[in-house]
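Beneath this line is the structure, given in structure tokens, with notes to follow.
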Amino acid sequence: MTSLMPPAERIWWNVPIGREEIVWIGLALVWCLILFFMMPYWHIYGKQNLSNEAYQTTPAKFGEKVQAGIDQYTVREEVGIPVVHPPAGSDVYMLGRLWQWWPILELEKDKTYRLHLSSMDWQHGFSLQPVNINLQVLPGYEMVLSITPDQAGEYAVVCNEYCGIGHHTMLGKIYVKE
Amino acid sequence: MAQFRTCPDTGLYFHKSAESLIKVNAVAGVVALLLAGVLALGVVLTRWQGVHLLPADQFYLALTAHGLNALIFWLIFFEIAILYFASSTLLRCRLATPGWAWLGFLLMVAGAIMTNVAIFQGNSSVMMTSYVPMQAAPHFYLGLILFAVGALVGVFVFFGTLVIAKQENTYEGSIPLVTFGAVTAAIIAVFTIACGAIILIPTFLWSIGYIGHIDAAMYRVIWWGLGHSSQQINVAAHVSVWYLIAGVIFGARPMSEKVSRGAFLLYILFLQLASAHHILVDPGISSEWKVFNTSYAMYLAVLASMIHGLTVPGSIEVAQREKGFTKGLFEWLRKAPWENPVFSGMFMSLVTFGFIGGITGVVMGTEQINLIIHNTIYVPAHFHATVVTGSTLAFMALTYLLIPVLFRRQVILPSWAKLQPYIFTGGMTIMILFMLGAGTLGVARRHWDMDFTGALLSFEYAPMAYTLMAIGAAGGVLGILGGAMFVLITVGSLLFGKKLEPSAGLLQSFGKPLAASAYSKVQPERLPMPPKLAWEEHGSAGFEAPGTFVLAMLLLVSFIVYYFINWNYLASVWPLG
Ligand code: HEM
Ligand SMILES: [Cu+2]
Ligand SMILES: [Cu+2]
């Protein structure tokens with residue numbers, strides 16, 4: 001019953017450690033260091049990183065930017081939602097609000113865009129499917145990241161942060177053209 | 001006046017007030033677990049798209065109530081019971097200020113009821129995280145604050161008891177390892193509750209209109225100081241329970257006090273930071289801070305968990321080998337008392353926590369990998385392997401131990417009790433594994449409808465995602481069955497179990513002390529240090545626990561393989577920068 005009793009040695013920190021413990025601690029420590037260094041390594045050599053560029057904003061200010069993009073680059077409408085085809089390599093804007101991702105984006109394959117995201121009201125989750133890229137979208141913060149769609153097709157933006165009763169109807173769309 | 005009784009079976013001493021408080025806290029916890037389990041049925045049968053049981057509003061209500069009752073109320077009530085046990089009972093010391101302890105308990109009960117009322121009134125389906133600016137009713141937050149204050153009082157009663165034990169010299173040498181683990185949990189609890197106060201009090205004031213605005217990003221950073229650290233309380237508590245059960249069932253001695261205590265110390269030193277792994281894909285937070293926070297803290301804490309993962313089964317192996325189970329690598333394990341739910345629950349808790357909960361946690365806590373996991377159903381799958389098959393199962397195992405020892409009743413339905421840990425673990429493991437898979441396919445957590453009924457646009461998940469969710473949910477139903485068996489057996493034992501002590505009646509099951517004659521000691525004799533081992537039995541004797549070492553290597557290899565599989569998956573998604 002000694003885990004329920006005081007250590008058998010008064011100076012318990014001087015008792016030598018068993019061999020498998022030493023070996024295991026060594027192995028585990030090495031592994032932990034690898035776990036750690038994989039992250040900076042990926043920042044340097046990996047292709048999927050967050051720039052963590054972000055700005056404080058307000059729903060009104062961000063809404064204006066989104067609207068400017070819509071006014072300039074809308075190519076058609078789909079179920080009442082503008083489809084925006086911005087120039088390759090430009091800044092593109094999308095907002096989340098109860099319960100929509102707005103507008104629909106049409107991008108070109110293998111071109112890099114600066115995507116700006118923010119919320120007009122509550123927190124939302126930008127979940128690009130089926131690619132499976134997931135980002136947290138907050139009101140008051142404009143997140144900027146560069147994305148390079150490398151496959152053509154039709155992608156959905158699911159909201160995966162709970163945002164009230166209509167949460168499950170909050171879908172957006174991104175087209176990637178050849 | 002005699003205040004202590006001795007348990008004739010284990011020799012443990014129970015102080016009258018501590019005994020009552022351990023009982024009421026444990027019982028309150030089980031009530032919360034029962035409620036959480038009923039709600040889990042609604043949640044899981046709704047996530048099973050083919051059944052889709054609840055309408056959307058009820059689903060989100062049930063999910064909010066499930067999360068809070070399970071994660072906060074069940075676990076923390078039970079942990080307060082563990083703190084009193086690990087201080088008063090193990091150190092043979094009277095409980096400090098029982099009056100305050102009762103006040104803390106009442107605050108916790110009042111808080112839990114208040115928050116539940118708010119949720120069930122229907123205007124507070126904000127999930128347990130209650131992210132601003134979505135707003136719940138004021139008494140939702142107030143209930144949580146009261147609960148936290150009550151828990152804090154309990155933690156200070158625990159510390160007070162340690163001080164008294166030291167002053168009154170109730171034990172020789174240093175505190176036992178289990179108590180040391182409990183100290184770890186308690187220290188982390190203080191930090192956790194401080195974060196909770198910093199964030200929930202302003203949020204409460206905001207909900208009644210005193211504060212105009214709460215920043216969403218700041219809320220998340222501080223809230224996770226509460227939300228993450230409280231998971232570390234659970235880990236420290238259930239690791240202590242593992243050591244405790246290994247000690248009671250096998251008479252196991254920690255392989256090395258230094259290593260096990262050092263590992264607990266790592267928890268205290270490094271855990272406060274790791275809250276970043278919940279906000280890795282949030283805007284406005286630098287990568288340097290994310291990497292430092294999610295890893296520096298995490299990996300030294302991960303190291304600590306990996307150490308416990310070796311030393312707990314290792315101490316069992318050493319004890320078993322001393323008893324003569326020395327054949328091959330695993331006779332000690334094969335011949336362990338698998339039909340005793342105290343052992344089987346504890347051991348499965350260890351395995352599922354390490355192999356599933358631990359590995360998936362580190363993987364998704366990696367800064368970049370979080371991009372392909374954040375807020376998918378992978379996340380709840382992961383933490384059901386930590387708080388359900390990890391903490392909850394360990395606490396269930398301890399409960400089986402406590403029913404005769406503390407409540408002085410025999411466990412009813414022994415053949416059910418034998419099976420219960422297997423059904424619970426089996427069901428939950430199925431749910432966990434299949435929902436991990438569904439998360440990898442992008443299925444969202446906290447989401448009512450995989451078909452997006454009513455949306456203007458449309459999207460279809462891969463058919464496989466539906467299959468995985470359905471099998472996972474079926475596993476969840478089996479897990480709930482296992483949970484229901486647990487509640488039935490424990491509550492049944494308290495009500496109808498054979499009395500091991502004639503005065504252990506109905507009210508005694510719910511906190512009333514036993515007959516005065518049961519308490520025979522004014523002060524137990526001092527808790528002695530156990531006999532020393534021969535010096536050469538320490539350390540240098542080569543591999544004392546080769547079987548455990550092989551299991552540990554298996555863990556490491558699984559860990560490495562799975563970790564790099566996920567990097568590989570990440571490398572396949574759109575380039576981002
Ligand atoms: C007994 C069987 C249980 C089943 C079948 C079950 C099932 C589930 C499922 C399917 C979800 C995710 C739903 C979603 O995100 O859409 C969930 C959420 C959750 N569960 Fe459980 N659960 C069980 C027990 C527990 C226990 C014992 C705990 C804690 C100790 C727990 C803590 C949680 C928490 C904290 C959440 C997250 C709630 C949120 O997202 O706000 N569950 N549960
Ligand atoms: Cu949403
Ligand atoms: Cu965490």
Side-chain angles (χ1 to χ4, degrees), chain A residues 1-10 12-13 15-21 24-25 27-29 32 35-36 39 42 46-49 51-52 54 79 122-123 125 127 129-136 138-141 143 145-150 156 158 160-162 165 168-169 171 173, chain B residues 56-57 90 127 131 134 171-174 176-178 216-217 243 247 251 253-259 281-284 286-287 291 295 299 303 306 310 367-368 371-372 374-375 442 444 446 448-449 452 454-457 459 529-530 532 538-539 543-545 549 552 570 573-577:
Chain A
M1 302 257 286
T2 50
S3 57
L4 291 72
M5 293 175 103
E9 300 283 344
R10 198 170 282 275
W12 48 265
W13 53 90
V15 177
I17 301 173
R19 194 168 303 164
E20 56 265 80
E21 283 174 290
W24 177 245
I25 293 171
L27 286 173
L29 189 61
C32 287
L35 291 174
F36 176 78
M39 290 188 284
W42 199 263
K47 291 210 177 70
Q48 292 78 13
N49 286 290
S51 67
N52 292 306
V79 291
W122 291 345
Q123 303 195 14
S127 177
Q129 296 299 336
V131 190
N132 204 11
I133 291 174
N134 304 280
L135 303 165
Q136 190 77 22
L138 304 181
Y141 288 85
M143 179 183 216
L145 68 158
S146 62
I147 56 167
T148 316
D150 58 3
V158 174
N160 72 358
E161 182 58 78
Y162 169 66
I165 194 71
H168 66 278
T169 63
L171 272 185
K173 193 143 274 192
Chain B
D57 58 339
L90 292 186
M127 305 294 137
Y131 289 141
M134 189 186 280
Y171 60 95
E172 216 185 329
S174 307
L177 178 61
V178 173
Y243 280 115
R253 209 182 257 271
M255 295 172 82
S256 151
E257 296 278 356
K258 178 164 44 177
V259 170
V281 297
D282 277 31
S286 77
S287 279
V291 169
S295 70
Y299 303 147
L303 178 66
M306 289 175 79
L310 177 91
E367 190 203 2
Q368 295 95 339
L371 281 164
I372 54 175
H374 180 71
N375 271 357
R446 297 176 167 176
W448 177 64
D449 189 8
F452 307 98
L456 283 177
L457 298 163
F459 171 65
M529 299 203 321
K532 284 185 192 187
H538 289 297
F543 270 40
E544 299 169 287
F549 194 78
L570 176 70
V573 309
W574 292 3
L576 303 168

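Here is the naming used below: chain letters follow the sequence lines, and residue numbers restart at 1 for every chain.
Under a 3.5 Å cut-off, the side chain of Asn375(B) and the backbone N or O of Tyr162(A) do not form any donor-acceptor pair. No donor-acceptor pair under 3.5 Å is formed between the side chain of Glu21(A) and the backbone N or O of Val259(B). Checking side-chain atoms of Ser146(A) against main-chain N and O of Gly577(B) turns up a donor-acceptor pair under 3.5 Å. Between the Trp12(A) side chain and the Gly173(B) main chain, no donor and acceptor come within less than 3.5 Å of each other.
Looking only at heavy-atom pairs under 4.5 Å with chain A, the residue among Glu257(B), Arg446(B), Gln368(B), His374(B) that has the most is Gln368(B). Among the candidates Asn160(A), Asp150(A), Val131(A), the residue making the largest number of heavy-atom pairs closer than 4.5 Å to chain B is Asn160(A). Interface summary for chain B: among Glu161(A), Gln48(A), Lys47(A), Met143(A), the most heavy-atom pairs under 4.5 angstrom belong to Gln48(A). Chain A forms the most heavy-atom pairs under 4.5 Å with one residue out of Asp57(B), Leu90(B), Asp282(B), Leu456(B), and that residue is Asp282(B). Put simply, of Leu177(B), Val178(B), Leu457(B), the one with the most heavy-atom pairs under 4.5 Å next to chain A is Leu457(B).
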As a quick check of understanding, evaluate side chain to side chain contact (heavy atoms under 4.5 Å, CB included) for Glu9(A) and Lys532(B), giving each step before the final call. CA-CA 7 Å; Glu9(A) 300 283 344; Lys532(B) 284 185 192 187; 3.8 Å; yes
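Using a 4.5 Å cut-off on side-chain heavy atoms (C-beta onward), Leu371(B) and Asn49(A) make no contact.
Proximity to chain A is limited to the side chain of Phe549(B), based on heavy atoms less than 4.5 angstrom apart.
Dense packing is recorded around NZ of Lys258(B), with more than 12 heavy atoms of other residues, nucleotides or ligands lying under 6.0 Å away.
Contact check on Arg19(A) versus Glu544(B) returns no salt bridge, with no Lys/Arg side-chain nitrogen under 4.0 Å from an Asp/Glu carboxylate oxygen.
A pairwise comparison of heavy atoms in Ser286(B) and Asn52(A) identifies C-ND2, 4.0 Å as the closest pair.
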